[in-house]
4 protein chains.
Amino acid sequence: MIIQLDMQSEVPIYIQLMNQIIEGIAASRLKPGEALPSVRHLAADIGVNLHTVNKAYTLLKQEGYIQIHRQKGVVVQPDGLPGLTPEFMAKQLEQLRPIIAESILRGMNLSGLLSQVQKLYEQISPSPPQSGKEPTP
Amino acid sequence: MIIQLDMQSEVPIYIQLMNQIIEGIAASRLKPGEALPSVRHLAADIGVNLHTVNKAYTLLKQEGYIQIHRQKGVVVQPDGLPGLTPEFMAKQLEQLRPIIAESILRGMNLSGLLSQVQKLYEQISPSPPQSGKEPTP
Amino acid sequence: MIIQLDMQSEVPIYIQLMNQIIEGIAASRLKPGEALPSVRHLAADIGVNLHTVNKAYTLLKQEGYIQIHRQKGVVVQPDGLPGLTPEFMAKQLEQLRPIIAESILRGMNLSGLLSQVQKLYEQISPSPPQSGKEPTP
Amino acid sequence: MIIQLDMQSEVPIYIQLMNQIIEGIAASRLKPGEALPSVRHLAADIGVNLHTVNKAYTLLKQEGYIQIHRQKGVVVQPDGLPGLTPEFMAKQLEQLRPIIAESILRGMNLSGLLSQVQKLYEQISPSPPQSGKEPTP
DNA sequence: GTGGTCTAGACCACT
DNA sequence: GTGGTCTAGACCACG
């Protein structure tokens, strides 16, 4: 798992961390049940404060994306990732709204915007994650 | 111009203000050259401090969306709104990326995502600005 | 006398006005003794407030660049323009200093800077003003 | 880093602050990567309000002259200072123009002006930065 | 301890 | 009356 942080970004580091891990799961680079580095290790690896990693993990756990076990450490949610809950859909709309508004203001047409979204979608998820159970012979 | 602010939101007020104004321009509710309320009036109207409004206006001016005339007031950019600059496209991608990643993680498929974006686009975007009167039979 | 004002500039209008008139005199487009438009006329011509023109004229008079007569109107200083007083030299240095500092910071070398200054000098003063008396045959 | 402010000056304090810091960088008294005082410390040191310092820092950051690290502090831009962009050259010309015009009006000749500029340049500019040790015989 | 945000209130320059 | 600047003081997010 490679983490790329921009220490000069205005985006808080713990948010960047969350985003990177979320993207890792979305891209199936991190698979359900797979272990994540301990808070201590990850903090040392990427050179940030323990609290920062801890905050990211805690929030990811709250969203149901990971599990934190006292002894076993941190693993990607093995019991089914959260789906398209109404809360998530609402949050998504609120996040998309200002981005789309500004795109319209700048004169972007719908097809241009859709193609940008599609490009990003395919870039992040190169191999469509096998939803449901894998065929286990 | 109706401004809806959520004082409980974690999104800073001045950002909410910017977003509302941007959306107003995108939707053609605010037209180029149209006057915006003075810093003081708007601040009084929406019940926030003058400096908060001032910050939003200043940033909108920096982005080229409005003009602040000395001692005359604030108007929506009449000299052509900024277009799809490379900087904007880059910013847009960086903003979209985590949203799309999380949508993928949640199991949303491409067509579902695209339809959400399209729905928002059409909701915000004005019907193609009918200059002049509509033909009323 | 053509006046070019930028109403969106952060430079106050009365300062822009002063600069334009100073440049006119420097370029000999306005000659000593020549009449300037009345406050009223100029204000109407360029579409600004009376007070604004008045302020510019008053300050130009204080610097000794023009004379304001109650009835005769406004004329470019006919009794010898102010020279290189110590006060002016000091002001000039204070104005140049931050510009030059920023140029150095940006990596501009001395010759590049000098050539910029020379270019501007020659552009403003195309025909060197005949200092002293003109040869009157 | 010594900051000299003129509280009586018509030049806003935050501009004076910016100028002093820019000059410090230009003179290599402040080197890329070097830390600047925190907003609060500097404000206390020079006896102005925290917001005034903050404004200066924010603008310097926007120009690319410093970096503001979240919760770490402020440092002189370590990733290469901005160069001679077209925007900067245009701004420089606009700033120089009225100064040069007034100098011409006052009867200053080209060589006199150039020597003033050169004097300032050499006064601000550091002796070419001897990287490493000087040869001490 | 750091910068980011917000409030409250004031004076000034500009038009 | 407008925005620009400055002060004073507060709370919060971040690390």
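The figures that follow rest on heavy atoms only: side chains count, while hydrogens, waters and symmetry mates do not. Residue numbers start from 1 in every chain, and the chains themselves are labelled A, B, ... in the order their sequence lines are given, proteins ahead of strands.
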Can you tell me if [atom1] on [X] sees more than 12 non-hydrogen neighbours from other groups inside 6.0 Å?
X: A/R40; atom1: CZ; answer: no
X: C/E10; atom1: CD; answer: no
X: A/K91; atom1: NZ; answer: yes

(message) Rounded at 0.5 Å granularity, tell me how far CD in B/Q67 sits from NZ in B/K72.
(response) 9.5 Å

Value in whole Å for how far the [atom2] atom of [N] lies from [atom1] of [X]:
X: C/M18; N: E/dA13; atom1: CE; atom2: C1'; value: 15 Å
X: D/I15; N: F/dC6; atom1: CD1; atom2: C1'; value: 14 Å
X: A/L59; N: F/dA13; atom1: CG; atom2: C1'; value: 12 Å
X: B/L42; N: F/dG1; atom1: CG; atom2: C1'; value: 16 Å
X: A/E10; N: F/dA13; atom1: CD; atom2: P; value: 17 Å
X: D/L5; N: F/dC6; atom1: CG; atom2: C1'; value: 13 Å
X: D/L17; N: F/dT5; atom1: CG; atom2: P; value: 13 Å
X: B/Q8; N: E/dT5; atom1: CD; atom2: P; value: 18 Å

(request) State whether the side chain of C/T52 and the backbone N or O of C/V48 hold a donor-acceptor pair below 3.5 Å, judged by distance alone. (result)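 Not a single qualifying donor-acceptor pair exists.
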
Just call it for [X]: base, sugar-phosphate, or nothing, with non-hydrogen atoms closer than 4.0 Å on any strand.
X: D/I13; result: sugar-phosphate
X: D/V48; result: sugar-phosphate
X: B/N49; result: base

Looking only at the side chain of [X] (C-beta and beyond, no hydrogens), which of the listed nucleotides [options] gets closest?
X: D/T52; options: F/dG15, E/dC6, F/dC6; answer: F/dC6
X: D/Y14; options: F/dG15, E/dG3, F/dC6; answer: F/dC6
X: D/I68; options: E/dC14, E/dT7, E/dG3; answer: E/dG3
X: B/H51; options: E/dG4, E/dG9, F/dG9; answer: E/dG9

(request) Taking only the side-chain nitrogens and oxygens of D/N54, find out if one of them lies under 4.0 Å from OP1 or OP2 of E/dG4. (result)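 Affirmative; the distance criterion is met.
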
(request) Indicate whether OP1 or OP2 belonging to E/dT15 is found under 4.0 Å from a side-chain N or O atom of C/K55. (result)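 False: C/K55 side-chain N/O out of range (4.0 Å or more) of E/dT15 OP1/OP2.
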
(request) Go ahead and name the base partner of F/dC14; Watson-Crick or wobble counts if both distances stay under 3.5 Å, otherwise write none. (result)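 Looking at the geometry, F/dC14 pairs with E/dG1.
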
(message) Let's test this: given Watson-Crick or G-U wobble pairing with both distances under 3.5 Å, identify the partner of F/dC6.
(response)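 E/dG9 is the nucleotide pairing with F/dC6.
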
(request) Please state whether the base of E/dG3 and the side chain of D/R40 form at least one donor-acceptor pair under 3.5 Å? (result)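 Such a pair is found, so the answer is yes.
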
(message) Under a plain distance cut-off of 3.5 Å, with no hydrogens placed, do D/D79 and A/Q8 share a side-chain donor-acceptor pair?
(response)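 The answer is yes; a qualifying pair exists.
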
(message) On DNA chain F, compare the nucleotides closest to A/V11 and D/L50; which residue's is nearer the 5' end?
(response) D/L50

